[in-house]
Amino acid sequence: MAQKTKNNGTTKEFWLNAPKATRVMLAGDFTDWAQRAIVMKHGKNGDWKATVTLPPGRHEYRFIVDDEWADDPQCLEREQNPFGTTNSVCTVG
């Protein structure tokens with residue numbers, strides 16, 4: 001996950017390697033979860049990417065891969081959610 005600061009927040013790039021996926025979306029507290037999930041762009045070698053500008057603070061997120069919730073395997077910080085799984089956590093300075 002790359003990070004770049006702008007005047008109105010910090011731009012973060014989220015990516016997931018899912019070569020067999022036909023659709024990947026990014027959902028988090030910054031998208032009202034699945035209600036406004038961001039469709040990620042399919043790139044080379046099965047990588048999916050999305051760039052989002054986030055305000056400072058702590059943000060929880062997950063991926064939706066072909067309509068199934070999925071963890072970010074690159075993210076080491078996790079928070080328990082009410083569904084018995086964990087959300088990935090990113091902090092914007």
Side-chain angles (χ1 to χ4, degrees):
M1 185 171 30
Q3 181 173 309
K4 188 179 192 181
T5 303
K6 285 185 167 183
N7 289 343
N8 56 349
T10 298
T11 301
K12 293 189 84 66
E13 183 180 79
F14 294 86
W15 69 275
L16 177 72
N17 184 264
K20 295 182 181 180
T22 57
R23 181 177 174 154
V24 178
M25 297 175 21
L26 171 64
D29 53 19
F30 48 89
T31 68
D32 291 328
W33 293 99
Q35 293 179 26
R36 292 186 295 133
I38 298 165
V39 176
M40 298 178 74
K41 293 182 182 176
H42 189 232
K44 295 180 182 180
N45 303 320
D47 287 343
W48 294 80
K49 296 180 183 181
T51 302
V52 181
T53 301
L54 298 173
R58 186 175 176 282
H59 302 280
E60 295 184 22
Y61 68 96
R62 294 194 82 197
F63 297 114
I64 304 171
V65 180
D66 294 334
D67 298 321
E68 298 289 329
W69 290 96
D71 295 328
D72 180 351
Q74 303 299 317
C75 183
L76 300 178
E77 188 176 354
R78 308 239 182 225
E79 182 70 33
Q80 189 71 33
N81 66 35
F83 305 104
T85 58
T86 59
N87 297 332
S88 299
V89 176
C90 70
T91 303
V92 175

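Nothing fancy with the numbering, it's 1 onward along the sequence.
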What distance do H59 atom NE2 and S88 atom OG have between them, rounded to the nearest 0.5 Å? 14.0 Å
Answer yes or no: is there a side-chain heavy-atom contact under 4.5 Å between K12 and V92? yes
Salt bridge (charged side-chain N to carboxylate O under 4.0 Å, His left out): pairs with one or both residues in residues 82-93, sequence neighbours excluded: none
Grouping I, L, V, M, F, W and Y whenever their side-chain heavy atoms are under 4.5 Å apart, do F14 and W33 come out in a common cluster? no
Let me check something: do M40 and V52 share a hydrophobic cluster, defined by ILVMFWY side-chain heavy atoms less than 4.5 Å apart, either directly or through other members? yes
Heavy-atom neighbours of R23 CZ exceed 12 at 6.0 Å: no
For atom CD of Q35, decide whether the heavy atoms of other residues, nucleotides or ligands shown that lie under 6.0 angstrom number more than 12. no
Would you say that F63 contacts W69 through its side chain, given a criterion of any heavy-atom pair below 4.5 Å between the two side chains? no
As an exercise, state the distance from OG1 of T53 to CZ of F30, rounded to the nearest 0.5 Å. 11.0 Å
Are any non-hydrogen side-chain atoms of H42 and D47 less than 4.5 angstrom apart? no
Check against side-chain contact (heavy atoms from CB on, under 4.5 Å), T51 and T11: CA-CA 7 Å; T51 302; T11 301; 3.0 Å; yes
Is there a chain of hydrophobic side chains (I, L, V, M, F, W, Y, each step under 4.5 Å between heavy atoms) that links I38 to I64? no
With the side chain counted from C-beta on, respond yes when E77 and R58 share a heavy-atom pair under 4.5 Å apart, and no when they do not. yes
If you group Ile, Leu, Val, Met, Phe, Trp and Tyr by side-chain heavy-atom gaps below 4.5 Å, do L26 and W48 land in one group? yes
Return the set of residues passing side-chain hydrogen bond (donor to acceptor under 3.5 Å, both in side chains) with E68 (not counting sequence neighbours), or none when no residue passes. none
Distance check, rounded to the nearest 0.5 Å: N87 atom CG versus D29 atom CG? 8.5 Å
Salt bridge (charged side-chain N to carboxylate O under 4.0 Å, His left out): which pairs involve residues 36-46, sequence neighbours left out? D32-R36
Atom CG of D66 and atom OG1 of T22: how far apart are they, to the nearest 0.5 Å? 3.5 Å
Could you tell me if the side chain of V65 sits less than 4.5 Å from the side chain of L16, heavy atoms only? yes
Over all heavy atoms of both residues, which pair between V39 and M25 is shortest? Give the atoms and the distance, please. CA-CG, 4.0 Å
So that I can tick it off, tell me whether R62 and D72 are bridged by a salt bridge, with the cut-off set at under 4.0 angstrom between side-chain N and carboxylate O. no
